[in-house]
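The figures here come from the full heavy-atom set of this structure, side chains too, leaving out hydrogens, waters and symmetry mates. In what follows, chains carry the letters A, B, and so on, assigned in the order in which the sequence lines appear, proteins first and then strands, with residues in each chain numbered from 1. Computed from a predicted model, the values in this text were never measured in an experiment.
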Amino acid sequence: MENFLQELNPEQRSAVKHTEGPSMVIAGAGSGKTKVLTYKIAFLLSKGINPFNILALTFTNKAAREMKSRITNLVGNDGHNVWMGTFHSVFSRILRVDGNLLGYQSNFTIYDTNDSKSLIRSIVKELNLDSKVYTANNILGRISSSKNNLISAKAYNTNNELLLADKASGKPFIGQIFTIYTNRLAKANAMDFDDLLYNTNLLFRDFPEILYKYQMQFKYVLVDEYQDTNFAQYLIIKKLSANNENICVVGDDAQSIYSFRGANIQNILNFKNDYPDYSIFKLEQNYRSTKTIVNAANGVIAKNKDQIQKEVWTSNEQGNKIPVLKAATDSEEGIMIAESIFETKMNLQVQNKEIAILYRTNAQSRSIEDALRKKNIEYKIYGGLSFYQRKEIKDLLSYFRLIINENDEEALLRIINYPVRGIGKTTIQHITIAAEKENVSMWEIIQHPEKHPLPVSSTAQKRVSQFVTMINSFKAQLNKLDAYELAKQVASATTLLRTLNEDKTPEGVSKFENIEELLNAIYEFTTHNNNLEDKLLPLFMQDVALLTDQDNDDKNESNKVSLMTIHASKGLEFPYIYIIGLEENLFPSAMSMNTRSELEEERRLFYVALTRAEKRVSLSYAENRYKWGNLTSNRPSRFLKEIDPLFLDQATVSKTLSSGKSLRKFNKTKAFSDTKGYTKMSPTKSVSKNMKAISSATPKSSSSFPPTDIQNIVVGITVEHQRFGKGKIINIEGNQSNKKATVFFPGIGQKNLLLKFAKLKIVK
DNA sequence: ATCAAGGCTTTTTTT
DNA sequence: AAGCCTTGAT
């Protein structure tokens with residue numbers, strides 16, 4: 001059982017075998033961080049520790065899933081019972097059980113960022129404040145960082161420093177908005193993302209017996225990406241492990257890139273003060289990259305002042321120098337990258353999936369996409385809008401949310417007049433005002449019109465009552481029908497399905513398909529268990545707000561070039577990496593050049609980008625670039641100069657730039673863009689945007705996904721699904737329109753699909 | 001109550 | 001350049 005320890009290097013092995021007492025593992029890029037974490041858990045289990053007593057926290061669902069599957073591979077099914085998940089999902093689980101002590105019902109809704117923003121917008125409006133001064137983004141950021149530092153609305157409003165800062169920035173009412181926002185969430189029985197952490201802290205602070213319960217349960221606490229924890233997370237971890245201090249944190253201070261969301265790099269730098277008798281393990285051997293890449297990256301990060309001393313090295317080969325490409329414009333940069341990729345593929349027999357293009361901001365993907373499409377290079381964009389965030393999906397989910405938690409006001413507002421049922425702004429406003437005045441939820445107002453008469457026309461009143469009746473009829477089914485049956489009923493009874501089906505525009509069709517896919521996912525959920533109580537809609541909905549799109553696409557199956565922001569690339573690796581847009585004001589970002597610590601974070605970001613590469617990293621910049629429709633020019637990034645020239649290949653200048661041809665072209669474009677009303681010629685744009693969301697784009701249109709005749713789908717054949725890729729039919733049951741297939745998708749797993757929804761294509 | 005046009009904002013974003 | 005919100009017309 002213990003021979004898996006042989007697969008570790010000495011430092012990794014010591015880290016794994018140190019199980020009692022606090023320890024910190026500083027894991028340089030590519031040094032086997034996940035391996036240490038998973039082997040450590042496996043080691044604990046092999047020593048007979050009950051999996052129930054181990055808590056492992058990650059930042060993403062993906063990381064948690066990956067660790068779980070690796071552990072199961074090492075030790076078998078015990079792995080399933082380890083408490084492993086994201087901070088948010090683990091603590092929402094705790095709050096569903098014990099949150100009643102804080103006044104929440106266990107069916108509380110989790111507001112996502114959009115719900116929060118929309119709530120803030122309505123508060124700003126109600127207070128008659130200028131929505132251009134009080135932008136939702138700004139306010140939410142302020143509230144969020146307060147909560148992450150465990151400052152309540154009440155504390156905020158008695159904190160002179162904060163109040164003065166708000167006054168100075170011309171926004172003296174932020175404190176008041178914070179208070180109202182807090183009340184509205186409470187009234188809606190809802191928590192935002194930050195509340196999941198804030199309330200867990202509150203629970204542990206005010207209810208020592210609850211804290212004790214979890215301290216007894218989680219005898220071993222392991223934390224991944226510790227450098228990215230914020231104060232709220234830090235404190236929870238500290239409290240949970242206060243009893244026996246079997247805490248193990250893993251991270252790399254050099255890869256801390258989320259301070260703009262409250263991550264505090266001091267948490268990892270100060271670990272030694274919190275646990276003076278801690279053990280530290282440094283994983284310094286990089287197994288991923290060439291010497292050139294490792295040394296170039298080391299040279300860059302050395303410019304930062306705040307860091308833990310370490311020496312990352314590799315025994316890999318020296319490798320290529322780092323090419324630097326110089327382009328005249330952003331579109332030329334795209335062309336140069338596409339050409340370079342084409343050459344690399346030809347000369348080195350490299351596949352698409354071995355290549356990734358990284359950028360600072362999402363907007364930069366466009367010029368690259370255009371160029372790749374022209375060269376028929378298949379690509380895939382990571383990130384962007386999550387499936388569950390899309391409008392049509394959120395609309396249907398909002399019905400579910402309201403049925404489960406009638407006080408969920410954001411859900412109510414979203415659907416009370418969608419599909420259109422003649423309940424207009426005025427009516428809604430009266431409901432809002434009444435709810436505010438009587439300090440009850442909007443649902444209470446419309447549920448009992450006799451108690452809360454509204455000054456609206458009798459037609460409007462009638463329409464509202466009809467809506468209430470409909471929602472109540474769904475609520476009555478909540479524990480009687482399984483999630484799929486109920487969801488189906490809601491989708492059709494609300495006429496939502498029909499409304500979308502009538503829309504024959506490409507967007508409309510895509511929306512309809514997305515709804516079908518959601519229904520399919522819910523159907524699939526109901527096949528996991530046999531008891532009705534495990535198939536109910538609330539259970540399905542519990543974690544939906546915490547899911548992101550990365551949970552859907554696995555890169556195993558598809559052979560496409562990956563495009564993503566550097567932030568999204570953390571934790572990933574590719575043989576060939578292109579880092580584009582190395583220009584001042586873009587990377588480093590203009591917003592992050594004011595203080596040393598901001599600039600250091602940008603530098604860490606550059607470090608992360610460089611260290612994603614295994615064999616070769618290429619850099620590029622453009623002298624001119626369109627920004628929000630205007631041409632701007634920037635000097636090359638300072639980061640280029642921070643790499644020892646020894647590791648650089650001289651700048652490859654774009655052909656068109658050197659011949660002067662492109663300058664004419666580019667002047668023309670400039671003149672053109674100054675004139676309003678010129679004809680655009682980009683028919684593929686809307687298609688590509690759609691695909692961006694579904695994270696799969698091909699050179700031509702892949703939207704033609706002709707549904708195969710259901711009759712032809714039989715056990716044994718291979719089919720292709722729009723999202724899951726290719727898979728094999730394992731079983732078919734049911735008949736005609738209710739025919740269900742069990743399909744095995746390599747790398748994804750087994751899925752149960754309803755054929756009338758799944759739109760499977762038969763592959764020869 | 002609903003729709004169309006015009007105007008304004010715009011980083012990164014594991015949850 | 002594009003999405004989203006507000007405004008104005010019907």
For every nucleotide of nucleotides 6-13 of chain B, 5' to 3': is a protein heavy atom under 4.0 Å from its base (B), only from its sugar-phosphate (S), or from neither (-)? ---SBBBB

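- Using cut-offs of 30° and 60° on the angle between ring planes, the pair Phe87(A) and Phe59(A) is tilted.
- As rounded to whole Å, 17 Å separates atom P of dT14(B) from atom CD of Glu66(A).
- Between the CG atom of Leu196(A) and the C1' atom of dT14(B) there is a distance of 14 Å, given to the nearest Å.
- The ring of His567(A) has its center no closer than 6.0 angstrom to the ring center of Tyr359(A).
- Distance alone, capped at 3.5 Å, is enough to place a donor-acceptor pair between the Thr38(A) side chain and the Thr34(A) backbone.
- Residue contacts shown for Ser92(A) are absent, as no nucleic acid heavy atom lies under 4.0 Å away.
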Short heteroatom pairs, N/O only, protein and nucleotides 5-10 of chain C, under 3.5 Å:
from	atom 1	to	atom 2	distance (Å)
dC5(C)	OP1	Arg121(A)	NH1	3.2

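- Atom CG of Asp543(A) and atom C1' of dT14(B) are 15 Å apart (whole Å).
- Whole-Å rounding puts the Ile416(A) CD1 to dA1(B) P distance at 11 Å.
- For residues 134-151 of chain A, the pairs satisfying salt bridge (charged side-chain N to carboxylate O under 4.0 Å, His left out) are Arg142(A)-Asp166(A), Lys147(A)-Asp192(A), Lys147(A)-Asp195(A), with sequence neighbours left out.
- Both the sub-6.0 Å distance and the 45° axial angle are satisfied by Arg96(A) relative to the ring of Phe108(A).
- Salt bridge status for Arg366(A) with Glu369(A): absent, with no side-chain N to carboxylate O gap under 4.0 Å.
- With hydrogens and angles ignored, the 3.5 Å screen pairs no side-chain donor or acceptor of Asn264(A) with any backbone N or O of Phe231(A).
- Contacts of Asn417(A) with the nucleic acid, taken as non-hydrogen atoms under 4.0 Å apart, involve only primed sugar atoms and P, OP1 or OP2.
- The cationic group of Lys462(A) does not satisfy the cation-pi geometry with Phe467(A), failing either the under 6.0 Å distance to the six-membered ring centre or the 45° limit from the ring axis.
- Comparing Thr427(A) and Thr86(A) along DNA chain B, the residue whose closest nucleotide (by nearest heavy atom) sits nearer the 5' end is Thr427(A).
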